[in-house]
Number of protein chains: 2
Amino acid sequence: MPGAAPLRIDSDGQRTYTIGELADEFGLTLRTIRHYEDEGLLAPARDGMNRVYGHRDRARLVLICRGKRLGFSLADIKEFLTLYDGSDGQVRQMQHLQALTRRRVSALERQLADVQQTLAELHRIDARITDHLTQHLRRHGIDETSTREDKNL
Amino acid sequence: MPGAAPLRIDSDGQRTYTIGELADEFGLTLRTIRHYEDEGLLAPARDGMNRVYGHRDRARLVLICRGKRLGFSLADIKEFLTLYDGSDGQVRQMQHLQALTRRRVSALERQLADVQQTLAELHRIDARITDHLTQHLRRHGIDETSTREDKNL
DNA sequence: CACGTACCTTACGTTTACGTCAACGTAAGG
DNA sequence: CCTTACGTTGACGTAAACGTAAGGTACGTG
C-alpha cells in the first residue's frame, strides 16, 4: 500500500509544493517549469538545492498557463505578472502599470470579439454538417458505419 | 501625381489583389503571406510568375489572422480552414470535420472563459491602481510629475 | 536606356519555447 | 549496500514562424 503523500509544509505552516507536484497538477514538464524560472517568471525558494514552491508561485503558474492558452509569449506574460504583483511602488511606476493593464485589456477585448465570432461561425458550420448528414440519412439507409476505413487523419 | 490604383480585375470580372495589396491591408509582410502559401494555407492563382489573389484567398487570410490572434499554430489554422471549405465530401469525412469543429469549439469556449476571467482581473487591478493614485493625490499635492526617475521596469 | 517599383525564388539566419540527453546528488526502503 | 524515485545543473537539439539577404524578372517613366 503506497501510503498517502506527506503534504510538504514550510516553517510558517504554509503548504508548499515540489516541482514534480506542480508539473503533475498543471500538466507541465519539469523542464518547462524550470524554463519559466530561467525566464524570470518564477522564483521559488530553495531547500538546499531543491526548489520549494509556495502559494504565490502556484498562483503565478495559474496565470502563466492561462496566458499561454491565450497565445501570449513568455515575455508578455512576465510583464503581465508584474501587474498582479503591483499595488506598491512609486507613482510613476503605477501609472506605467496602469498603461500596461489598459493595453492588455484592449488586446483581450479584441480577442474576446474574435473568439465569439469564431464560435458563432463554427456553430453554423456544425449545424450545416449535421444538416448534410441527416439529409444523407433520409435519402440512403441508416447504415453508414464501418463502410470505409478511417482516413489518415 | 500618382493617379489612383487601377483595381485589378480578372477574366470573370472578379476583383483580385496583389500580394502587396493584401500585405498592406492585413499588416503582414510579403514573406509572411508567401510563407502561408508554403504551408498550404493559401493557393493563389498565377499570372505568369505573379500571385493573383481572389475573394476566397482574402477570406482565408481574414481567418488566418484571426486564428493567429487567438494563438493557434499555422497547422491548427490549416485544419481549421478545411472546416470552412467543407460542405462537400464523403460522409465519413463530414463526420470527421464535425468532430474537428466540436473540438475547436470546446477549446474556444475554454478560451472565452479565460479571456473573460483575465479581463475581470485586469479591471480589478486597474481600479486598484486608480485608487492608490487618487489617495496619493489627496495626501500629497497635485504635483507628482517628474519627481523621480522611472524605475527600471 | 537607365531607374524605380513591384514582384519572384532560393536559402540561410533568428527567436521562442521548450525537448532531450548526460552526469550527478540525496533520501527512503528492502 | 543497492536500487528506486525524485531532484539538480549544464548543454545541445529542434520545430514553428517568420526575417533577411542576394540576385533575377518585368513594367512603366523621366
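Note that the coordinates shown come from a computational prediction; the quantities given were computed from them, not determined experimentally. Letters A, B, ... are given to chains in the order of the sequence lines, protein chains preceding strands, and every chain is numbered from 1.
- Between B:L41 atom CG and D:dA16 atom P the separation is 13 Å, expressed in whole Å.
- At the phosphate of C:dC8, OP1 or OP2 sits under 4.0 Å from a side-chain N or O atom of B:R34.
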Working for side-chain hydrogen bond (donor to acceptor under 3.5 Å, both in side chains), residues B:E121 and A:Y84:
CA-CA 9 Å; B:E121 286 172 9; A:Y84 289 88; 2.8 Å; yes
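- Rounded to whole angstrom, the span from the CD1 atom of B:I64 across to the P atom of D:dA16 amounts to 17 Å.
- Rounded to whole Å, atom C1' of C:dG19 lies 12 Å from atom CG of A:L30.
- Following rounding to the nearest Å, A:D38 (CG) and C:dC18 (C1') show an atom-to-atom distance of 11 Å.
- Applying the 4.0 Å criterion to OP1 and OP2 of C:dA17, one finds that A:T32 has every side-chain N and O outside that range.
- The nearest whole Å value for the distance from the NE2 atom in A:H35 to the P atom in D:dG10 is 16 Å.
- Across all strands shown, D:dC1 is found opposite C:dG30 as a Watson-Crick or G-U wobble partner, with both distances under 3.5 Å.
- Atom CG of B:N50 and atom P of D:dA26 are 10 Å apart (whole Å).
- Listed pair B:K68 / D:dA17 fails the phosphate criterion, with no side-chain N or O lying under 4.0 Å from OP1 or OP2.
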Evaluate side-chain hydrogen bond (donor to acceptor under 3.5 Å, both in side chains) for A:R51 paired with A:T18, printing each intermediate quantity in order.
CA-CA 7 Å; A:R51 292 168 174 83; A:T18 68; over 6 Å; no
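- Formation of a donor-acceptor pair under 3.5 Å by the A:D57 side chain with backbone atoms of A:G54 is found in this model.
- With D:dT8, C:dC18, C:dC8 as the choices, the nucleotide that has an atom nearest any side-chain atom of A:M49 turns out to be D:dT8.
- B:L61 places none of its side-chain heavy atoms less than 4.5 Å from the side chain of B:Y53.
- Applying the 4.0 Å criterion to OP1 and OP2 of D:dC18, one finds that B:Y36 has a side-chain N or O inside that range.
- As the counterpart of C:dA11, D:dT20 is assigned, both hydrogen-bonding distances of the Watson-Crick or G-U wobble pattern falling under 3.5 Å.
- Across the protein-nucleic acid pair, A:E37 atom CD and C:dC18 atom P stand 15 Å apart, rounded to whole Å.
- Between the B:R69 side chain and the A:Q111 main chain, no donor and acceptor come within less than 3.5 Å of each other.
- Listed pair B:T29 / D:dC18 fails the phosphate criterion, with no side-chain N or O lying under 4.0 Å from OP1 or OP2.
- Distance CD1 (A:I77) to C1' (C:dT16): 12 Å, rounded to an integer number of Å.
- For B:G20 and B:R31, each mapped to the nucleotide of DNA chain C holding its nearest heavy atom, the one lying further toward the 5' end belongs to B:G20.
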